[in-house]
> 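Mind looking over this structure? Questions follow.
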Amino acid sequence: MHLDAALVAAVFAAAGGWFVPALVRRLPEPAPKPEPDKQPAESKEPYADIAALPGLAWRSALASAVCAALIGLAVGREWPLVVLVPLVPISVALALIDWRTRLLPTRLVLPATGLAILLGLVGWAVTRDPDDLIRAAIALVAVRSVFWVLWWFHSAGMGFGDVRLAAMLGFALGQLGWGEVVVGVYSGFLIFALPGLLLAAARRDRGLLKSAFPFGPFMLVGGLIGVLVGAVAWSSLFPAWA
């Protein structure tokens with residue numbers, strides 16, 4: 001148990017989570033994309049309205065602190081923790097935005113990915129060990145490529161924002177190991193599909209399966225699961241590769 005790492009991670013992530021409303025408020029509204037011969041889409045909830053949600057600051061701080069504490073317990077005082085903790089409040093903001101708007105803002109996803117890469121490079125310079133950075137770079141390309149293929153074949157069911165988010169998750173999880181990458185990505189798909197299938201079976205409501213659900217929050221929760229249990233699951237299933 002790495003209680004010291006969990007405490008430090010929770011404090012820093014909570015401080016970042018407190019500023020989630022300010023971060024959301026500063027996002028520029030996306031330009032509308034009119035499509036001919038189609039009914040106008042339902043108007044998007046403005047970012048300013050999301051940022052003004054009651055109690056958003058302390059709720060975001062609490063969620064960030066809990067997630068970061070769990071990550072700190074799993075990772076310990078290792079450099080990947082420095083890469084992961086700053087991404088926690090950003091991920092909370094992304095999950096909130098995607099859940100309410102079905103959008104993952106490029107203005108937030110790409111800088112977060114760049115921050116993760118920068119911290120990975122700093123870690124390489126500090127530790128003089130390139131293994132984590134190389135694995136993370138390969139994971140970024142691999143996971144993003146998988147999501148790009150899925151988007152290319154079925155763009156109606158997956159937004160390109162999910163593809164961009166996959167790059168960030170691939171790099172972050174790749175800092176830890178291949179078990180975290182595989183379990184983190186697979187868990188996102190699993191927890192996205194399972195609740196809907198169970199509800200559809202219980203209600204026998206075919207329309208439920210056609211409902212539009214944002215995938216981003218499930219990807220992020222899956223990534224957290226990968227951090228927490230990915231190494232254990234990987235070593236149990238593939239002990240020779242652990």
Side-chain angles (χ1 to χ4, degrees), residues 1-2 5-6 9 13 67-88 90-91 94-95 104 109-110 112-153 158 161-194 215-242:
M1 299 292 287
H2 305 284
C67 293
L70 292 173
I71 293 172
L73 286 174
V75 176
R77 290 184 293 177
E78 303 291 339
W79 188 264
L81 186 65
V82 179
V83 178
L84 293 172
V85 169
L87 299 180
V88 172
I90 298 174
S91 297
L94 287 171
L104 287 166
V109 177
L110 292 187
T113 306
L115 174 62
I117 294 173
L118 176 62
L119 292 174
L121 289 169
V122 173
W124 175 32
V126 170
T127 64
R128 301 293 182 179
D129 184 357
D131 290 349
D132 289 348
L133 181 63
I134 293 173
R135 184 178 56 247
I138 296 173
L140 182 154
V141 174
V143 175
R144 188 187 187 280
S145 298
V146 169
F147 274 74
W148 185 89
V149 170
L150 293 174
W151 171 82
W152 190 81
F153 275 104
M158 178 178 290
D162 298 326
V163 180
R164 298 189 186 98
L165 181 60
M168 185 191 84
L169 283 176
F171 188 89
L173 295 172
Q175 284 280 313
L176 298 172
W178 288 114
E180 287 84 349
V181 173
V182 174
V183 173
V185 173
Y186 179 76
S187 296
F189 285 101
L190 183 63
I191 62 177
F192 176 75
L194 189 57
F215 190 30
F218 296 93
M219 292 172 63
L220 293 166
V221 173
L224 178 60
I225 293 172
V227 173
L228 300 181
V229 303
V232 175
W234 185 260
S235 61
S236 299
L237 294 173
F238 307 103
W241 296 353

> Return the CG to CD1 distance between Leu173 and Ile225, rounded to the nearest 0.5 Å.
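It comes to 11.0 Å.
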> Would you please test Asp162 and Phe218 for side-chain contact (heavy atoms from CB on, under 4.5 Å) and show each step?
CA-CA 10 Å; Asp162 298 326; Phe218 296 93; over 6 Å; no
> With rounding to the nearest 0.5 Å, note down the distance linking CG in Leu165 to OG in Ser91.
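With rounding to 0.5 Å, CG (Leu165) is 7.0 Å from OG (Ser91).
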> Is the closest side-chain heavy-atom distance between Phe171 and Ile117 below 4.5 Å?
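Yes, their side chains come closer than 4.5 Å.
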> So, Trp79 side chain and Trp124 main chain: donor-acceptor pair closer than 3.5 Å or not?
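Not a single qualifying donor-acceptor pair exists.
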> Would you please classify the geometry between the Trp148 ring and the Trp152 ring as parallel, tilted or perpendicular, with 30° and 60° separating the classes?
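If you compare the ring of Trp152 with that of Trp148, the planes turn out parallel.
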> Any non-hydrogen side-chain atom of Asp132 less than 4.5 Å from a side-chain atom of Arg135?
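A side-chain contact under 4.5 Å exists here.
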> What about Phe189 and Phe215, are their ring centers closer than 6.0 Å?
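Yes; Phe215 has its ring centre under 6.0 Å from that of Phe189.
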> If you round to the nearest 0.5 Å, how far is CG of Leu87 from CG of Leu119?
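If I round to the nearest 0.5 Å, the distance is 7.5 Å.
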> Can you check whether Arg164's main-chain N or O pairs, donor with acceptor, with Arg144's side chain at less than 3.5 Å?
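No; zero donor-acceptor contacts below 3.5 Å.
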> Between atom CE of Met219 and atom CD1 of Ile191, what is the distance when rounded to the nearest 0.5 Å?
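Here the interatomic distance stands at 11.0 Å.
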> Test side-chain contact (heavy atoms from CB on, under 4.5 Å) on Leu84 and Leu176 and set out the steps.
CA-CA 10 Å; Leu84 293 172; Leu176 298 172; 3.9 Å; yes
> Between Leu81 and Ala9, which heavy-atom pair has the shortest distance, and what is it?
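In terms of heavy atoms, the two residues are closest at CD1-CB, 4.4 Å.
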> Counting C-beta onward and ignoring hydrogens, is there a side-chain heavy-atom pair between Met168 and Leu220 closer than 4.5 Å?
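Yes, side chains in contact.
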> Between Val185 and Leu169, is a side-chain contact (heavy atoms from CB on, under 4.5 Å) present by the stated rule, with each step listed?
CA-CA 8 Å; Val185 173; Leu169 283 176; over 6 Å; no
